[in-house]
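Below, each value reflects all heavy atoms present in this structure, side chains not excepted, and no hydrogens, waters or symmetry copies. In what follows, chains carry the letters A, B, and so on, assigned in the order in which the sequence lines appear, proteins first and then strands, with residues in each chain numbered from 1.
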There are 2 protein chains.
Amino acid sequence: MASLVDPSDHSPIEDAEALQKAVKGWGADEKAIIAILGHRNATQRTQIRQAYYDLFQEDLIKRLESELSGDLERAMYRWILEPAEREALLANIALRNANINYHIIVEISCVSSPDELFIVRRAYHNRFKRSLEEDVATNTTGHLRQLLVGLVSSFRYGGSEVNARMAQCEADVLHEAIKNKNQNHQEVIRILTTRSKFQLMATFNRYRDDHGIAITKKLSDEGFDDFHKAMQIAISCINDHKKYYEKVLRNAIENVEIDEDALTRVIVTRAEKDLKNINEVYYKRNSVHLEHSVAKKTSGDYKKFLLTLMGNEE
Amino acid sequence: MASLVDPSDHSPIEDAEALQKAVKGWGADEKAIIAILGHRNATQRTQIRQAYYDLFQEDLIKRLESELSGDLERAMYRWILEPAEREALLANIALRNANINYHIIVEISCVSSPDELFIVRRAYHNRFKRSLEEDVATNTTGHLRQLLVGLVSSFRYGGSEVNARMAQCEADVLHEAIKNKNQNHQEVIRILTTRSKFQLMATFNRYRDDHGIAITKKLSDEGFDDFHKAMQIAISCINDHKKYYEKVLRNAIENVEIDEDALTRVIVTRAEKDLKNINEVYYKRNSVHLEHSVAKKTSGDYKKFLLTLMGNEE
């Protein structure tokens, strides 16, 4: 369930006019901007961008960028984009990082449905005039490259049919590959990048039944390299992405210095999708509501914006 | 330019009724079937399939399969399908072959536009309840697998921008890789599976300018393995698919025993697209019209059908 609270009817023109008022003159009225955009879904935000351009011959995104700053600016910029455009942007930022943030690449590839992922790839073309896999391949090497390129290029079968014998066989392959850390990467890549999500879940269940431990847990032992970490993230995202996001949020909040990038990314990306459910998982795991943790660790208009997206303005 | 001659108006119902007459009773009227279906484009054929089903509660494809036989049956079966469905079928047949016909996989991946290829992948899901890359990966190993999976999963950027410096650099990488036959497969795979077609054409041109020989020619030397052969086909298809198809047709016709599979595949696949242009390339290269070569080497209703699709019924 989404956490976003959006009106069923709104006027893009009135919203655009109110936003123009909020950015006019010295200093922007952040609260007014949050009150409007923090309550509009993707379609509505796109209509507002268009109405703003038609009325004022100005790009709303550029204007907001120049009026806002810091964490709020970054969060608002990500929020106002359409989902696929935002994922393309997040992927690109991850790839431009000195140490590429491959977990974001894995996350986008494995949480999205096969069709959503394809739309992200198209959005990447439109925005960066290159393909996503092209940038992934240029910025990585070796087995990690093969795994990441395979994941971002995947178009998995979406049906729920499961082949139990294949699940057994491939659970064994994964087991062997994990045991002999640096062998058989090719088969791991083949399995993780081409099988359907339902088939993979059956394989991971088989693994747990046979070995008494979740495959992701096994991969969190020491001594594994980036390839195995990427493998672990892929499995987590495919198996239960809500649990995965709970962990990302928990790590972001519990970090000595709170990780605003991760916090913003998850809240902005999931607010319109299933942030309510992720919140429930978070509460179950931590016995505290996500809103409270976020409220405690953030401040100012950035805090206000995140809480608004979480459907809780205090 | 297409070679197919189709009427601008036709009645799916009348066509379906005429087809039913042609398949009724003992022995089908092949000439009548060819006269109708050999003159209908993909949309029209789909309408006829639907009308036939509505009128007679029977699948036209299944009925034709049981009424026709041999090369004509195979050609008609491929022809009546929608283009993406047909490519999915051709890929599947190629993969089920004892020695997988990887050249067909490369052909489908590299001749199709990025969007067309995606539609083929979707058709593969619908028809086989698996992904195309899944079947490619299961049936291949090693570097050939990596190249083929990369090609079928690609969604290349479609713009015509070219980076000349990158073309120079990657032409050098390809040159080195070809020189040291069994090294640097990873970089070859990265370049061929992720770069845009325009960028790749610039790279191949750079190669020819620097080394005085086309890269495909260089790869036709002896001593290259399947990986390099697949690489050569990919480059041919990306560079000039009409020239590539001319060669496939020439080999099929000049073979001691004519290769009907290849002949049917190219004619059926290109009749609605650019078979006229391929015919021109064929004439330039062989000083004989493709229709004449085909007429000389085939016979009966199969011959009649191919010539009909080529827009030439003698």
What I want to find out is whether B:Glu133 reaches A:Arg195 closely enough, with some N-O distance under 4.0 Å, to be called a salt bridge. no
From A:Phe155 CZ over to B:Ser131 OG, what is the distance, rounded to the nearest 0.5 angstrom? 9.0 Å
Pick from B:Phe128, B:Tyr124, B:Phe118: which one has the most heavy-atom pairs with chain A under 4.5 Å? B:Phe118
Taking C-beta and beyond as the side chain, do B:Arg156 and A:His125 meet within less than 4.5 Å on heavy atoms? no
Part of A:Thr141 lying under 4.5 Å from any heavy atom of chain B: neither
Working for side chain to side chain contact (heavy atoms under 4.5 Å, CB included), residues B:Arg190 and A:Arg145: CA-CA 9 Å; B:Arg190 176 183 65 74; A:Arg145 175 201 279 176; 3.5 Å; yes
So does A:Lys273 have more than 12 non-hydrogen atoms from other groups sitting under 6.0 Å from NZ? yes
Sort A:Arg130 into side chain, backbone, both or neither according to what part of it lies under 4.5 angstrom from a heavy atom of chain B. backbone
Taking every heavy-atom pair that is under 4.5 Å apart, which of B:Glu134, B:Glu187, B:Gln199 has the most such pairs with chain A? B:Glu134
Cut-off 4.5 Å, heavy atoms of chain B, and the answer for A:Gln146 is side chain
NZ of A:Lys181: more than 12 outside heavy atoms within 6.0 angstrom? yes
For atom NZ of B:Lys197, decide whether the heavy atoms of other residues, nucleotides or ligands shown that lie under 6.0 angstrom number more than 12. yes
Is it true that B:Lys129 and A:Glu161 have a side-chain N and a carboxylate O under 4.0 angstrom from each other? no
Would you mind telling me which of A:Asn126, A:Val149, A:Thr138 has the largest number of heavy-atom pairs within less than 4.5 Å of chain B? A:Thr138
How many angstroms lie between OG in A:Ser154 and CZ in B:Arg121, if you round to the nearest 0.5 Å? 7.5 Å
Can you find a heavy atom in the side chain of B:Asp115 that is under 4.5 Å from one in the side chain of A:Arg122? yes
